[in-house]
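Data block below; observations after.
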Amino acid sequence: MNVNLIEPEELKERIIKQDTLFHIVDVRDDDYEEGKIKTPNGTIQYHHAPFYQFSEQKALELLKQLLIVKEEENNSDKSLSSSITNSSEEQQKVIDVIFHCYYSQQRGPKAAYRFYQVLREQDENVQKLIRVNILRGGWGLWRTRFFKNNELIEELTFSEEDYTSSSSSGSDRE
């Protein structure tokens, strides 16, 4: 188990194919207003967690949320632990958790490593269900490559009030 890089083109293909076995974790702070990566299942697959708030506790909450989503997708009436231990091959498909920030040089990799550390503390059966990734080039490269593709980018609109209240986080682009 380790942290891997995923290429923008690979993620693009997964989105176009409507793949649901990945989740995006966007840890941008005040630079989030530029837009986001569009996923097949919207907010189920997309998580915005500003880096300054992404603690070990947040990483653990995210992990629990991912496991609940996986269990719901499996339509299992069993408890989470028994569905993990006694699951079929279909249920054992790995979920890729893909972290990014603006350039995936600092905040994204640090958040991915924090999540990875939390994952390593879990049962081996849980570890087998999750693969941790970093989007190469982050949002900056994604936006540059796919800026005209509405299937891949969702523009965000904020009111002036939203912008001024969120811009006080003090983070700069990497």
Side-chain angles (χ1 to χ4, degrees), residues 1-29 32 35-101 104 107-139 142 146 149-154 156:
M1 185 174 77
N2 51 21
V3 179
N4 305 298
L5 277 178
I6 185 170
E7 294 294 323
E9 290 74 16
E10 180 183 344
L11 179 57
K12 171 191 168 196
E13 291 304 315
R14 292 180 74 171
I15 291 170
I16 289 171
K17 291 178 183 175
Q18 299 291 300
D19 182 351
T20 58
L21 291 174
F22 73 90
H23 287 254
I24 301 284
V25 182
D26 182 343
V27 296
R28 290 177 294 156
D29 300 312
Y32 175 70
K36 67 177 193 169
I37 297 171
K38 196 181 271 190
T39 58
N41 285 336
T43 58
I44 293 171
Q45 281 181 273
Y46 184 88
H47 312 271
H48 179 237
F51 181 73
Y52 68 92
Q53 295 176 348
F54 197 76
S55 62
E56 281 186 32
Q57 181 62 36
K58 283 283 191 188
L60 183 58
E61 289 171 13
L62 175 62
L63 177 60
K64 288 178 182 178
Q65 184 180 4
L66 293 171
L67 293 173
I68 289 169
V69 167
K70 182 164 181 57
E71 185 174 1
E72 288 172 354
E73 287 175 355
N74 292 336
N75 294 323
S76 174
D77 293 330
K78 302 174 189 174
S79 71
L80 180 59
S81 60
S82 66
S83 69
I84 290 170
T85 306
N86 301 318
S87 61
S88 68
E89 188 175 311
E90 175 68 23
Q91 291 171 320
Q92 286 297 331
K93 289 184 179 176
V94 175
I95 296 173
D96 283 305
V97 182
I98 304 166
F99 287 83
H100 80 86
C101 56
S104 290
R107 295 172 292 174
K110 286 178 184 177
Y113 183 72
R114 192 170 290 155
F115 182 80
Y116 173 77
Q117 291 297 99
V118 167
L119 182 60
R120 282 183 38 178
E121 295 170 1
Q122 306 306 308
D123 179 90
E124 186 177 310
N125 290 318
V126 172
Q127 292 179 29
K128 290 178 183 177
L129 296 175
I130 307 286
R131 194 168 32 223
V132 183
N133 302 272
I134 300 166
L135 178 62
R136 190 179 69 76
W139 169 252
W142 185 267
F146 309 120
N149 190 329
N150 291 336
E151 291 180 340
L152 302 174
I153 291 182
E154 183 175 333
L156 301 177

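The figures here come from the full heavy-atom set of this structure, side chains too, leaving out hydrogens, waters and symmetry mates. The structure presented is a predicted model; accordingly, all values stated were derived computationally and were not measured.
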In Å and rounded to the nearest 0.5 Å, what is the [atom1] to [atom2] distance from [X] to [Y]?
{"X": "Ile44", "Y": "Glu72", "atom1": "CD1", "atom2": "CD", "result": "8.0 Å"}
{"X": "Phe115", "Y": "Ile130", "atom1": "CZ", "atom2": "CD1", "result": "5.5 Å"}
{"X": "Ile15", "Y": "Thr20", "atom1": "CD1", "atom2": "OG1", "result": "12.5 Å"}
{"X": "Leu5", "Y": "Ile98", "atom1": "CG", "atom2": "CD1", "result": "11.5 Å"}
{"X": "Asp96", "Y": "Leu66", "atom1": "CG", "atom2": "CG", "result": "11.0 Å"}
{"X": "Lys38", "Y": "Glu151", "atom1": "NZ", "atom2": "CD", "result": "8.0 Å"}

Between [X] (side chain only) and [Y] (backbone N and O only), is there a donor and an acceptor less than 3.5 Å apart?
{"X": "Gln122", "Y": "Val118", "result": "yes"}
{"X": "Arg28", "Y": "Arg107", "result": "no"}
{"X": "Asp26", "Y": "Ile24", "result": "no"}
{"X": "Lys70", "Y": "Lys93", "result": "yes"}
{"X": "Ser104", "Y": "Ile134", "result": "no"}
{"X": "Arg131", "Y": "Val94", "result": "no"}

Compare all side-chain heavy atoms of [X] with those of [Y] and state whether any distance is below 4.5 angstrom.
{"X": "Gln65", "Y": "His23", "value": "no"}
{"X": "Leu129", "Y": "Ile95", "value": "no"}
{"X": "Leu62", "Y": "Phe54", "value": "yes"}
{"X": "Pro8", "Y": "Phe146", "value": "yes"}
{"X": "Phe99", "Y": "Val3", "value": "no"}
{"X": "Leu119", "Y": "Val97", "value": "no"}

- Query: Between Tyr46 and Lys36, is there a cation-pi geometry (under 6.0 Å to ring centre, at most 45° from the normal)?
  - Reply: yes
Heavy-atom pair of closest approach, residues [X] and [Y]:
{"X": "Gln45", "Y": "Asp19", "result": "NE2-O, 3.2 Å"}
{"X": "Pro40", "Y": "Phe22", "result": "CD-CZ, 3.8 Å"}
{"X": "Gly108", "Y": "Cys101", "result": "N-SG, 3.2 Å"}

If you count the non-hydrogen atoms of other residues, nucleotides and ligands that lie under 6.0 Å from [atom1] in [X], is the total more than 12?
{"X": "Gln53", "atom1": "CD", "result": "yes"}
{"X": "Tyr113", "atom1": "OH", "result": "no"}
{"X": "Glu124", "atom1": "CD", "result": "no"}

- List the steps and the verdict of side-chain contact (heavy atoms from CB on, under 4.5 Å) for Trp142 and Leu11. CA-CA 10 Å; Trp142 185 267; Leu11 179 57; 3.8 Å; yes
- Output all residues satisfying salt bridge (charged side-chain N to carboxylate O under 4.0 Å, His left out) with Arg136, sequence neighbours left out; order by chain, then residue number. Glu7
